[in-house]
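Nothing here was measured: the structure is a model prediction, and the numbers come from that model. Note on naming: letters A, B, ... go to the chains in the order of the sequence lines (proteins, then strands), and numbering restarts at 1 for each one.
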2 protein chains.
Amino acid sequence: MSEDINFEDYTSSHCGIELTLSVMGGKWKPLILWFLIKKGTKRYGEIRRFIPTVTNKMLSQQLKELVNDGLVSRKDYKQIPPKVDYSITDKGKSLQPVLDFMCIWGLEQTKTFNKVK
Amino acid sequence: MSEDINFEDYTSSHCGIELTLSVMGGKWKPLILWFLIKKGTKRYGEIRRFIPTVTNKMLSQQLKELVNDGLVSRKDYKQIPPKVDYSITDKGKSLQPVLDFMCIWGLEQTKTFNKVK
DNA sequence: CTGTATCCCCCTTGATACTG
DNA sequence: CAGTATCAAGGGGGATACAG
């Protein structure tokens, strides 16, 4: 049994990155999470305005997944007209270091690029 | 002119995350980068074996983009049979903190999940 | 205001075969 | 060994309308 185990068996699925990506990967989730972390509780429309290129379909879908994965919590005020807001959870907040880093790294690249140009 | 500028103009495109994602986003690039950072220079086939679910098409495509973006360098030994290897560049290495964090975060989640279960 | 519902397109991704 | 070429498929994502 153990003779079948060798170092070749250590593949990408063992390193945790795939799991992390499954929860915060994609085009929109990092932006949503970063916004909620930095700016606090926000209403649906505010998030939408922060990410001008996202559609209703994608935003509501991504928010739903974030809520399901426990990174974001949703509060429905049960009003007419509707009022719903979203906050980051502790679990979501634990991703702050990655998001901060991605934000800063991107800005650094912009600066460097402009200098070289 | 300046009266048109307000805080609503601060949108996701200003925060750097989108740029970072454009360079290291997606399903494969973080894994490739992490592997090259942790394990050093690797040949094409080794990377492929580390990520068993990637196809030739996707791997060669993603590697090409990483090389174009300056995160990875490619060395062709011009041999028959071919030998090519890939290394992380300094720019690529500057992403190490994100990748390490994503790796650790994922492993932590696995542990927590197993405990709760 | 906060979403759903529907339609649909294209682009990523996959599978397979093949080459130098 | 390290890819490319080609075809096929699926779903991510967009546009629009509309509902509560």
Side-chain angles (χ1 to χ4, degrees), chain A residues 8 11-13 17-18 21-33 35-36 39-69 71-88, chain B residues 8 11-13 17-18 21-33 35-36 39-69 71-88:
Chain A
E8 294 294 318
T11 60
S12 55
S13 60
I17 290 182
E18 290 181 351
L21 287 176
S22 75
V23 143
M24 62 150 290
K27 196 174 172 181
W28 311 114
K29 285 178 183 174
L31 295 172
I32 298 169
L33 292 170
F35 187 56
L36 294 179
K39 308 293 182 178
T41 301
K42 289 291 176 189
R43 297 184 61 175
Y44 182 85
E46 294 178 300
I47 304 174
R48 193 148 153 52
R49 257 169 278 129
F50 173 65
I51 313 176
T53 52
V54 78
T55 60
N56 274 330
K57 181 184 176 179
M58 289 313 298
L59 182 54
S60 59
Q61 180 186 111
Q62 301 296 302
L63 282 170
K64 210 176 283 181
E65 292 179 14
L66 288 171
V67 170
N68 278 338
D69 289 329
L71 303 183
V72 166
S73 68
R74 184 189 124 111
K75 177 163 187 184
D76 187 339
Y77 289 85
K78 318 255 184 204
Q79 297 176 1
I80 306 284
K83 175 179 176 184
V84 177
D85 60 34
Y86 295 89
S87 322
I88 198 80
Chain B
E8 293 295 318
T11 59
S12 56
S13 60
I17 289 182
E18 290 180 352
L21 287 176
S22 74
V23 144
M24 62 150 291
K27 195 174 173 182
W28 311 113
K29 285 177 182 174
L31 295 172
I32 297 170
L33 292 169
F35 188 55
L36 293 179
K39 308 293 182 176
T41 300
K42 289 292 178 187
R43 298 184 61 176
Y44 182 87
E46 293 177 302
I47 303 173
R48 192 149 155 51
R49 256 169 278 128
F50 174 64
I51 313 175
T53 53
V54 78
T55 61
N56 274 330
K57 182 181 177 180
M58 289 313 298
L59 182 55
S60 58
Q61 180 186 113
Q62 301 294 303
L63 282 170
K64 210 175 284 181
E65 293 179 14
L66 289 171
V67 170
N68 279 337
D69 289 330
L71 303 183
V72 166
S73 69
R74 183 190 125 110
K75 177 164 187 184
D76 187 338
Y77 289 85
K78 318 257 185 202
Q79 296 176 0
I80 306 285
K83 176 178 176 183
V84 177
D85 60 34
Y86 295 88
S87 321
I88 198 82

What is the distance from OH of B/Y44 to C1' of C/dT19, rounded to the nearest Å?
14 Å
From CG of B/L59 over to P of C/dT13, roughly how many Å is that when rounded to an integer?
13 Å
Check this one for me: any side-chain N or O of B/Y86 less than 4.0 Å away from OP1 or OP2 of D/dG3?
yes
Can you tell me the distance, in whole Å, between the CD atom of A/Q61 and the P atom of C/dT6?
16 Å
Whole Å only: how far is the CD atom of A/Q79 from the P atom of C/dG3?
13 Å
From the options B/I47, B/L71, B/L31, B/T41, select the one residue that forms a side-chain contact (heavy atoms from CB on, under 4.5 Å) with B/L36.
B/I47
Below 4.0 Å: OP1/OP2 of C/dT4 and any side-chain N or O of A/S60
yes
Please determine, for the side chain of B/K57, which listed nucleotide (C/dC1, D/dT6, D/dG14) has the closest atom?
D/dT6
Write down the distance between NZ (B/K29) and P (C/dT12), rounded to a whole number of angstrom.
11 Å
Is A/T55 close enough to D/dA15 that one of its side-chain N or O atoms is under 4.0 Å from OP1 or OP2 there?
no
Write down the distance between CG (B/N56) and P (D/dA2), rounded to a whole number of angstrom.
10 Å
Spacing of A/Q62 atom CD relative to C/dT2 atom P, expressed in whole Å:
18 Å
Between D/dC1, C/dC1, C/dG14, which one does the side chain of A/R43 approach most closely?
C/dC1
At under 4.0 Å between heavy atoms, what does A/K78 touch on the DNA or RNA strands: base, sugar-phosphate, or nothing?
nothing
Nearest heavy-atom approach of B/M24 to B/K29 is O-CB, 3.9 Å
NA contact type, A/Y77, heavy-atom cut-off 4.0 Å: base, sugar-phosphate, or nothing?
nothing
Nearest whole Å is fine: how far is D/dG12 P from B/K27 NZ?
10 Å
Want to settle it: does B/P82 or A/P81 sit nearer the 5' end of DNA chain D, counting the closest nucleotide to each?
B/P82
Could you walk me through whether B/L63 and B/E65 satisfy the side chain to side chain contact (heavy atoms under 4.5 Å, CB included) test, starting with their C-alpha distance in whole Å, then the side-chain angles of each, then the deciding distance to 0.1 Å, before giving a yes or no?
CA-CA 5 Å; B/L63 282 170; B/E65 293 179 14; over 6 Å; no
Between A/D85 and A/Y44, do the side chains contain an N or O donor and an N or O acceptor separated by less than 3.5 Å?
no
Residue-phosphate contact under 4.0 Å: A/R74 side-chain N/O, C/dG3 OP1/OP2
yes
Between B/F35 and B/F50, how do the two ring planes meet: parallel, tilted or perpendicular, split at 30° and 60°?
parallel
